[in-house]
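Each remark here refers to the structure printed beneath this line.
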Amino acid sequence: MPEEVRPGSGEQAKQYALKRLRQAILQGEMAPAQRLVENELAENYGVTRASMRAALLDLTSEGLVERIRNRGSRVRVVTVEEAVEITECRMALEGLCAAKAATEATDAQLDELTDLGKAMSKAVTDGDPVTYSELNHDLHTLIRNASGQQTAVGLLERLNAQLVRHRFQLALRPGRPQQSLSEHLAVIEAIRARDPQAAETAVRAHLSSVIDALRAD
């Protein structure tokens, strides 16, 4: 497989560095509070310091990186209280998307929701929280896409990016996937019934449960 071409400078270089660094943070390759040294990252990714600095500024605006005065940049630490606030915002937006998905989803998307529900049930039965967490992400993504509400989708992508570590930790907590599964299946059932009010109510109930779980940390 050919290596990805690395543009050294300019807008393409910034976008390349932005994509790679964002991916590294979201996949947990870089830990919260880890220092992000411009010259080291620029060398690692084969771009100029100016391109890396611009990428870090974009990631700061996305909430994935924070700048500490006189100390440079680091991977942003999202506290439990911040995670709760973000989830409260998600509740409104995810509820909207679920309600719209109930009326806008295609038959093929409804079938895909059913398949995801079955796969999530199997992951819980198999005691596989990592796969369950991935399927959880896929389910929420499908619902957002089925809604056709692009403004909400864009906002949710930025909010969810900040919660990736908390979400994964919750999936690993004993008993949490089993509880979460029943909540997700209720969302799927409401959307398949094309009942927007029930879909929004089910999503809000699920995210209220997430908030309770976050606070139990």
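The structure presented is a predicted model; accordingly, all values stated were derived computationally and were not measured.
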Taking all heavy atoms of Leu170 and all of Ala213, pick out the closest pair and write down the distance. CD2-CB, 3.8 Å
For Lys118, side-chain hydrogen bond (donor to acceptor under 3.5 Å, both in side chains) partners two or more places apart: none
With sequence neighbours excluded, tell me which residues meet side-chain hydrogen bond (donor to acceptor under 3.5 Å, both in side chains) with Glu88. none
Do any pairs count as a ring-ring contact (aromatic ring centres under 6.0 Å, His included) and have a residue in residues 68-97, sequence neighbours left out, and if so which ones? none
Only counting residues at least two apart or in another chain, list the ones meeting side-chain hydrogen bond (donor to acceptor under 3.5 Å, both in side chains) with Ser73. Arg67
Arg192 versus Thr114, side-chain donor and acceptor atoms under 3.5 Å: yes
Pairs involving residues 70-82, ordered by first then second residue, that meet salt bridge (charged side-chain N to carboxylate O under 4.0 Å, His left out) (sequence neighbours left out): Glu66-Arg74, Arg76-Glu82
Under the side-chain hydrogen bond (donor to acceptor under 3.5 Å, both in side chains) test, which residues partner Asp58, sequence neighbours left out? Lys14
Could you name each residue pair satisfying salt bridge (charged side-chain N to carboxylate O under 4.0 Å, His left out) that touches residues 196-205, not counting sequence neighbours? Glu200-Arg204
Leu93: which other cluster members, linking ILVMFWY side chains closer than 4.5 Å, directly or transitively? Val78, Ile86, Leu155, Leu156, Leu159, Leu163
Excluding sequence neighbours, so at least two apart, what forms salt bridge (Lys or Arg N to Asp or Glu O under 4.0 Å) with Arg35? none
Please check this pair: side chain of Thr141 against backbone of His137, looking for a donor-acceptor N/O pair closer than 3.5 Å. yes
Return all side-chain donor-acceptor pairs below 3.5 angstrom for residues 180-187, not counting sequence neighbours, or 'none' if the list is empty.
{"residue": "Ser180", "atom": "OG", "partner": "Tyr132", "partner atom": "OH", "Å": "2.8"}
{"residue": "Ser180", "atom": "OG", "partner": "His184", "partner atom": "ND1", "Å": "3.0"}
{"residue": "Ser182", "atom": "OG", "partner": "Gln179", "partner atom": "O", "Å": "2.9"}
{"residue": "Glu183", "atom": "OE1", "partner": "His206", "partner atom": "ND1", "Å": "2.7"}
{"residue": "Glu183", "atom": "OE2", "partner": "Ser209", "partner atom": "OG", "Å": "2.8"}
{"residue": "His184", "atom": "ND1", "partner": "Tyr132", "partner atom": "OH", "Å": "3.1"}
{"residue": "His184", "atom": "ND1", "partner": "Ser180", "partner atom": "O", "Å": "3.1"}
{"residue": "His184", "atom": "NE2", "partner": "Asn136", "partner atom": "OD1", "Å": "3.2"}
{"residue": "His184", "atom": "NE2", "partner": "His140", "partner atom": "NE2", "Å": "3.2"}
{"residue": "His184", "atom": "NE2", "partner": "His206", "partner atom": "NE2", "Å": "3.2"}

Under a single-linkage rule joining Ile, Leu, Val, Met, Phe, Trp and Tyr whose side-chain heavy atoms are separated by less than 4.5 Å, which residues share a cluster with Val77? none
Which pairs count as salt bridge (charged side-chain N to carboxylate O under 4.0 Å, His left out) when at least one residue sits in residues 133-161, sequence neighbours excluded? Glu94-Arg144
